[in-house]
Amino acid sequence: MVQYQALDRTFSALSDPTRRDILDRLGRGPASIGELARPFGMSLTGMKKHVQILERARLVTTEKVGRTRQCRLGPEHLEDAVQWIQLYRRRWERRLDGLESYLGQHRGGRR
């Protein structure tokens, strides 16, 4: 069952292009807050805010290593969103299959 609070956090986190870029970058491996901020010309504080939103959505985990904070993709990735999308995809596929059948019957069986 989809947990809607988690789903809301996931979609909220994904609504920002910077956070989507962060996830893309972390898909290639761990990075520090500074490494993530550099390509955006963003302050460490600004990047940390984006990372915290991704952490609350459980899309990213962080760990303090020395004086830096190392970021990685979270364990759940996009599971809540995938589950929700698949649910609605199945519903729409059934509706479209029904429409296809209806149209086929009303065109004299032609496709």
Side-chain angles (χ1 to χ4, degrees):
M1 183 74 183
V2 174
Q3 299 293 321
Y4 285 104
Q5 285 182 329
L7 185 64
D8 291 345
R9 282 191 300 270
T10 298
F11 281 124
S12 179
L14 293 173
S15 70
D16 185 275
T18 300
R19 291 191 287 269
R20 292 191 302 267
D21 287 344
I22 292 167
L23 292 174
D24 183 54
R25 167 56 188 84
L26 292 176
R28 296 188 299 273
S32 70
I33 298 281
E35 290 169 332
L36 293 173
R38 197 169 299 119
F40 297 100
M42 186 180 293
S43 70
L44 295 178
T45 302
M47 180 54 68
K48 189 172 180 185
K49 288 179 183 181
H50 282 293
V51 169
Q52 287 172 336
I53 291 168
L54 291 167
E55 276 187 294
R56 280 194 295 272
R58 299 185 63 163
L59 298 173
V60 167
T61 61
T62 65
E63 176 185 10
K64 188 143 174 92
V65 178
R67 294 180 56 180
T68 64
R69 185 154 290 281
Q70 198 71 13
C71 305
R72 289 181 167 72
L73 287 179
E76 293 191 25
H77 305 284
L78 300 172
E79 293 305 317
D80 288 328
V82 168
Q83 187 178 4
W84 184 83
I85 289 167
Q86 287 175 340
L87 171 71
Y88 282 91
R89 181 179 183 174
R90 286 190 299 270
R91 287 180 184 175
W92 277 104
E93 285 174 348
R94 281 194 304 270
R95 287 181 177 189
L96 291 172
D97 289 345
L99 177 60
E100 181 181 32
S101 175
Y102 173 82
L103 292 173
Q105 290 171 1
H106 287 80
R107 285 192 228 161
R110 294 179 295 157
R111 285 195 166 196

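When each of Leu26, Leu59, Thr61, Thr62 is checked for a side-chain contact (heavy atoms from CB on, under 4.5 Å) with Val51, only Thr62 meets the rule.
The cluster map of Ile, Leu, Val, Met, Phe, Trp and Tyr, joined by side-chain heavy atoms under 4.5 Å apart, puts Val65 and Leu36 in different clusters.
With contacts defined as side-chain heavy-atom distances shorter than 4.5 Å, the pair Arg58/Arg9 does not qualify. Taking the side chain as every heavy atom from C-beta outward, Arg56 and Ile53 approach each other to under 4.5 Å. Between Glu35 and Thr68 the shortest side-chain heavy-atom distance does not fall below 4.5 Å. Counting heavy atoms from C-beta outward, Thr10 and Trp84 have side chains that stay 4.5 Å or more apart.
For the residue pair Pro30 and Gln70, the shortest heavy atom distance occurs at CB-NE2, 3.5 Å. Between Ala13 and Arg19, the shortest heavy-atom distance links the atoms O-NE, 2.9 Å. Summarising the geometry of Ile22 relative to Met47, their closest heavy-atom pair is CD1-SD, 3.3 Å, with the distance given to 0.1 Å. For the pair Gly46 and Ser43, the tightest heavy-atom approach, listed with the atom from each and the gap, is N-OG, 3.0 Å. Contact between Gly34 and Leu44 at its shortest, heavy atoms only, is CA-CD2, 3.4 Å.
The environment of Tyr88 atom OH is dense: over 12 non-hydrogen atoms of other residues, nucleotides or ligands sit within 6.0 angstrom. Atom CZ of Arg28 is surrounded by more than 12 heavy atoms from other residues, nucleotides or ligands within 6.0 Å.
Of the inter-residue distances, the one linking Trp92 atom CH2 with Ile85 atom CD1 reads 15.0 Å to the nearest 0.5 angstrom. To the nearest 0.5 Å, atom CG of residue Leu54 and atom CZ of residue Arg20 are 11.0 Å apart. In this structure, the separation between NZ on Lys64 and OG on Ser32 is 11.5 Å, given to the nearest 0.5 Å. One distance of note links OG1 of Thr18 with CG of Leu23; it measures 11.0 Å at 0.5 Å rounding. Between the CD atom in Glu93 and the CD atom in Glu100 there is a gap of 11.5 Å [rounded to 0.5 Å]. We find the CD-CG distance between Gln83 and Leu7 to be 9.0 Å, quoted to the nearest 0.5 Å.
For Arg38 (side chain) and Met42 (main-chain N/O), no donor-acceptor pair under 3.5 Å exists by modelled atom type. Without hydrogens or angle criteria, Ser101 side chain to Gly98 main chain gives no donor-acceptor distance under 3.5 Å.
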